Amino acid sequence: MTNTPPDALLALTDVNTFYGQAQVHFDLSISVPRGHIVCLLGGNASGKSTTMKIILGLVKPRSGDVTFDGASLLGLTTPQIVRRGIASVPEARRLFADMSVRENILMGAFVRDDREAIAQDLDKMLTLFPKLGQRLSQRAGSLSGGEQQMVAMARALMSRPRMIVMDEPTMGLSPLYVDRVLELIRTINQEGVSVFMVEQNASLALEIAHEAYVLQTGKIVLFGSARALKDDPRIRDAYLGGSEAA
Amino acid sequence: MSSWLDYTINGLIVGNVYALVAVGLALIFGVSRLINFAQGSIYLVGAYIGWVAVVQLHTPLPLTIIVVAVAAALVGLIIERFGLRPLQNSVRIAPLLATIGISFVLDQLVMLTFSPNPRALPSQLPDVRFQIGGGTIGPLDLLIAGVGITSALLLFVFLRYSKLGWAIRATAQDRDAAMQMGVDVNRVNQAVFGIAAALGGISGLLVGMYYNQIDTAMSLQATLKGVVAEVVGGAGNVPGAVIGSLLLGLVESYGVAVFGTSYRNLFAFLLLVVVLVLRPNGLFASARQAPPEPLTGTFIAPSRPVRIPRWALLIATAVFAILPLLPVSFYVLQTLINASLLGMLALSLTLVAGTIGQVSLGHAALLAIGAYTSALLSLTFSVPVGLAIIGGGLMSAALGTALISPSFRLRGHYVSIATLAIGEIVSLVILNWESVTRGPIGISGIPPLSLFGYELVSPISIYWFSFIAMVVLALLQGRLLGSHLGRSFRAIRDDDIAARAYGLSLNRYKSLAFIFGGFAAGVSGGIAAHLYSYINHETFNTQQSILALTVVILGGLGNVVGAIVGAVALVGLPEVFRIAAEYRILIYGIVLLLLVRFRPQGLLGTM
Ligand SMILES: Nc1ncnc2c1ncn2[C@@H]1O[C@H](COP(=O)(O)OP(=O)(O)OP(=O)(O)O)[C@@H](O)[C@H]1O
Ligand SMILES: [Mg+2]
């Protein structure tokens with residue numbers, strides 16, 4: 001469906017994924033151009049989170065290839081992939097609940113050794129996410145969902161990634177927080193970080209994305225620039241974002 | 001006389017020793033959700049390395065401690081790297097079984113190297129005691145307390161301020177998320193095993209010095225105590241493990257003060273069972289904490305069982321039935337009698353562990369109950385032996401099920417811990433309930449096997465008796481598995497939540513499985529009692545429970561024919577190859593390890 005453009009930072013090519021006997025991805029091809037926000041849309045159980053896991057090496061595809069900056073990620077472990085420059089905001093945040101907010105954010109810098117720069121980056125996170133300042137020593141598990149999302153994003157940024165993958169970053173957030181999160185994603189992207197995000201809410205995602213893919217039971221059924229897709233009537237047929245769908 | 005303060009001091013000191021073991025268990029459970037049954041073996045290794053250092057190399061105390069810590073840590077690293085890491089993607093029971101196998105191997109290696117006889121391990125400290133309040137305290141007490149507190153502090157600082165410590169805590173809380181931060185979980189596992197082993201080894205050294213004696217039986221005891229302390233404190237909870245250990249030390253010490261030394265372990269295991277039943281997540285777990293076991297999934301390797309045609313089974317049965325008529329030696333019959341006794345136990349365990357998925361580590365207790373019941377019925381009440389054996393089976397079925405029933409709501413590893421504890425409790429009750437069981441003296445002069453008034457003394461008749469008993473039990477079990485009941489058992493094993501959703505009452509089915517299994521094991525124990533003519537509280541021990549488990553895994557969990565084939569193989573092959581008795585346990589341990597690694601579904605496949 002897509003040819004890997006030469007400037008793709010991340011590319012999945014003809015990926016087929018199985019859980020036991022059940023096939024989850026059918027010849028999945030996705031590419032994320034350098035500096036872009038690419039969004040993967042799809043209903044429940046369409047295989048979105050599995051795509052994230054494939055990128056991060058948590059699940060291995062049966063066939064196909066995943067490349068980052070031209071080099072295949074398939075033989076690498078998750079920590080090795082992270083060290084290549086991919087950070088993640090997992091589905092449902094997955095903070096370290098019993099560690100403090102500060103420790104959670106600093107865990108994001110686990111792959112780095114430059115102590116001073118890490119300290120500076122922590123300060124930078126506090127300007128980007130001002131609310132976290134007063135919460136630094138609080139248990140992460142005791143934060144509200146919106147606050148947890150901020151921590152998860154700060155944590156991901158702390159590794160100074162070239163790319164962030166996010167699984168439904170707006171899930172379960174109030175409209176106010178949803179706007180903040182989208183704004184932040186845009187800011188992050190403007191600072192040069194490419195973004196690959198999974199979303200169920202098409203109208204929101206298409207606000208900030210450059211390109212989008214629509215996934216349906218493991219197959220890409222629609223692909224295009226966000227602008228084009230926003231006006232595409234098929235977006236509603238192929239993918240129902242519930243009542244919020246534009 | 002000792003004062004209450006003395007008992008308190010003793011309890012806290014012993015608690016410190018337990019803490020060194022339990023903290024390691026908690027660290028390991030935290031990062032890999034595994035109860036490391038080899039922890040006691042590392043403690044044993046620590047004690048013996050300490051003995052070599054002190055007695056043969058005459059190292060000074062600080063150096064001894066360092067040598068022991070380093071050597072034990074190395075053992076831990078080797079276990080992690082070669083024993084457990086290859087099992088990362090196996091079914092969840094695999095690493096647990098592997099640690100059991102490793103512990104057998106290590107204990108036997110120590111025993112073969114140093115002989116099973118106890119040795120003195122001098123503490124090299126002056127033998128003085130200081131008065132404090134109404135009690136006394138000696139330099140060794142202070143050393144143990146000092147080592148305990150120092151280790152706890154070092155560990156605290158390490159976990160809180162070092163990068164590796166952070167990685168350990170993050171992995172314990174969310175393994176996948178930690179990997180996504182770039183944490184190499186293999187390194188974390190390695191670190192945790194190294195630390196746990198170093199602490200465990202030091203603990204063994206200190207205990208050896210405290211009692212001025214070391215022997216190979218220390219290993220299992222240490223594992224058990226460490227597990228008790230860890231579970232009481234909440235599996236995976238490091239500070240909880242420390243508090244659980246101190247609590248355990250005190251409970252034991254006060255128990256000894258009131259009731260006497262032989263009650264020490266009884267209190268430990270009662271504490272464990274009470275905590276498991278009332279607060280399976282430990283005393284300090286908060287409600288929000290997710291249960292540390294994944295709720296469902298393949299605890300047992302799924303596989304396609306090998307189909308054996310009916311005629312082949314009939315021929316095999318016929319061959320074994322007429323075997324004594326052929327010119328076979330007494331020795332062969334003797335071996336096959338032992339195999340059928342073990343076969344009956346394996347039938348029982350394969351039903352409980354394989355078919356309904358409750359991996360019991362205390363199955364020998366059912367043998368003991370059957371044996372004592374049958375022995376006492378025939379001795380005291382002159383019940384005919386045939387009936388007495390059936391009485392033993394019924395008593396095992398009833399009592400065994402009653403004892404395990406409070407633990408029915410537990411899952412996975414917790415079932416194994418509970419059954420292990422109940423097995424120990426049964427043995428300790430037998431030891432202490434002198435008016436009925438004759439306590440440590442045991443029961444002698446048990447009448448020989450007899451049927452309808454005829455004594456069975458010839459090996460041929462004994463062989464036929466036990467062989468027929470086993471075949472009948474196997475046929476019954478085969479029918480059971482093919483019935484609706486058998487399907488319900490498997491449904492519960494494969495997904496107890498779904499099974500409950502379909503309206504199956506878990507408690508009822510688990511009870512039925514234990515009743516049936518208890519009967520088979522009880523009959524085996526009963527026959528054994530009349531065969532041996534003497535039994536005591538150690539006749540049926542944990543080693544037999546583990547042997548039965550190895551048999552069952554060898555044959556294929558849940559597989560009736562497999563249980564019997566496994567029993568014949570494990571009893572018979574060492575005889576065929578004339579392997580000396582002291583190497584057998586070692587071989588069993590290695591067999592278990594190899595099976596878990598290369599053929600978890602066993603010879604004939606799981607059912
Ligand atoms: N570990 C697993 N083992 C087996 N099947 C799995 C596993 N993880 C996911 N699946 C199955 O794979 C399919 C795709 O799952 P995935 O989590 O990728 O969907 P998703 O698009 O992220 O859904 P949602 O919108 O609900 O998050 C689902 O049918 C799911 O049940
Ligand atoms: Mg998902």
Side-chain angles (χ1 to χ4, degrees), chain A residues 19-21 49 52-53 55-60 76-100 102-113 115 118 139-142 148 151-152 154-161 164-167, chain B residues 26-27 30-31 85 88-89 91 156-191 234-240 281-282 284-290 292 296-298 301-304 494-495:
Chain A
Y19 286 118
Q21 303 282 338
S49 297
M52 299 267 300
K53 291 179 183 156
I55 297 168
L56 290 166
L58 291 164
V59 171
K60 295 290 176 193
L76 304 184
T77 63
T78 303
Q80 286 168 332
I81 292 171
V82 172
R83 279 167 203 274
R84 294 267 166 113
I86 302 183
S88 61
V89 178
E91 194 172 18
R93 344 292 178 215
R94 305 284 287 266
L95 296 185
F96 304 108
D98 285 330
M99 294 170 89
S100 69
R102 176 200 296 275
E103 287 175 326
N104 265 278
I105 297 175
L106 289 176
M107 267 311 290
F110 189 81
V111 293
R112 296 170 54 186
D113 285 314
R115 278 170 173 259
I118 290 174
R139 256 189 80 243
S142 65
Q148 291 197 8
V151 177
R155 183 177 70 171
L157 285 171
M158 283 300 285
S159 65
R160 290 201 178 166
I164 295 192
V165 294
M166 303 191 193
D167 198 341
Chain B
L27 281 172
V31 301
R85 199 178 300 175
Q88 248 165 9
N89 299 319
V91 287
F156 176 82
V157 170
F158 168 72
L159 288 176
R160 188 138 294 241
Y161 299 106
S162 77
K163 202 163 172 175
L164 190 52
W166 281 40
I168 290 174
R169 283 194 295 148
T171 308
Q173 285 173 49
D174 191 329
R175 200 181 177 87
D176 276 3
M179 284 165 69
Q180 291 177 45
M181 298 302 119
V183 173
D184 179 348
V185 288
N186 282 334
R187 274 204 56 213
V188 165
N189 270 341
Q190 228 167 30
N237 180 342
V238 174
N281 283 339
F284 313 107
S286 47
R288 69 176 163 71
Q289 212 165 24
T296 56
T298 45
S303 76
R304 195 181 294 273
D494 293 338
D495 190 343

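Reminder, nothing fancy here: chain letters follow the sequence lines and each chain counts from 1. Everything quoted here is computed from the prediction, not taken from an experiment.
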Problem set entry | Y19(A) atom OH: more than 12 heavy-atom contacts under 6.0 Å |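 Yes - once you tally the heavy atoms of other residues, nucleotides and ligands closer than 6.0 Å, there are more than 12.
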For this session: Write down the atom of A156(A), the atom of A87(A), and the distance for their closest heavy-atom approach.
Result: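 Closest pair (atom of A156(A), atom of A87(A), distance): O-CB, 3.2 Å.
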For this session: Please look at E103(A) and chain B and tell me whether the side chain, the backbone, both or neither of the residue comes under 4.5 angstrom of a heavy atom of that chain.
Result: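 Contact with chain B is through both the backbone and side chain of E103(A).
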Problem set entry | R112(A) portion near chain B, given a 4.5 angstrom heavy-atom threshold |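 Backbone only.
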Problem set entry | Pairs flagged by salt bridge (Lys or Arg N to Asp or Glu O under 4.0 Å) wherever residues 170-191 of chain B is involved - sequence neighbours left out |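 Sorted pair list: R94(A)-D174(B).
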Problem set entry | Which portion of A172(B) sits near chain A, non-hydrogen atoms under 4.5 angstrom |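 It is neither, since no heavy atom gets under 4.5 Å.
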For this session: Tell me, out of I86(A), L95(A), I81(A), L106(A), who's got the most heavy-atom pairs with chain B below 4.5 Å.
Result: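 Highest number of heavy-atom pairs under 4.5 Å: L106(A).
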Problem set entry | Non-neighbouring partners of D113(A) that pass side chain to side chain donor-acceptor pair (under 3.5 Å), sequence neighbours left out |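 Checked D113(A) against side chain to side chain donor-acceptor pair (under 3.5 Å); matches are K163(B).
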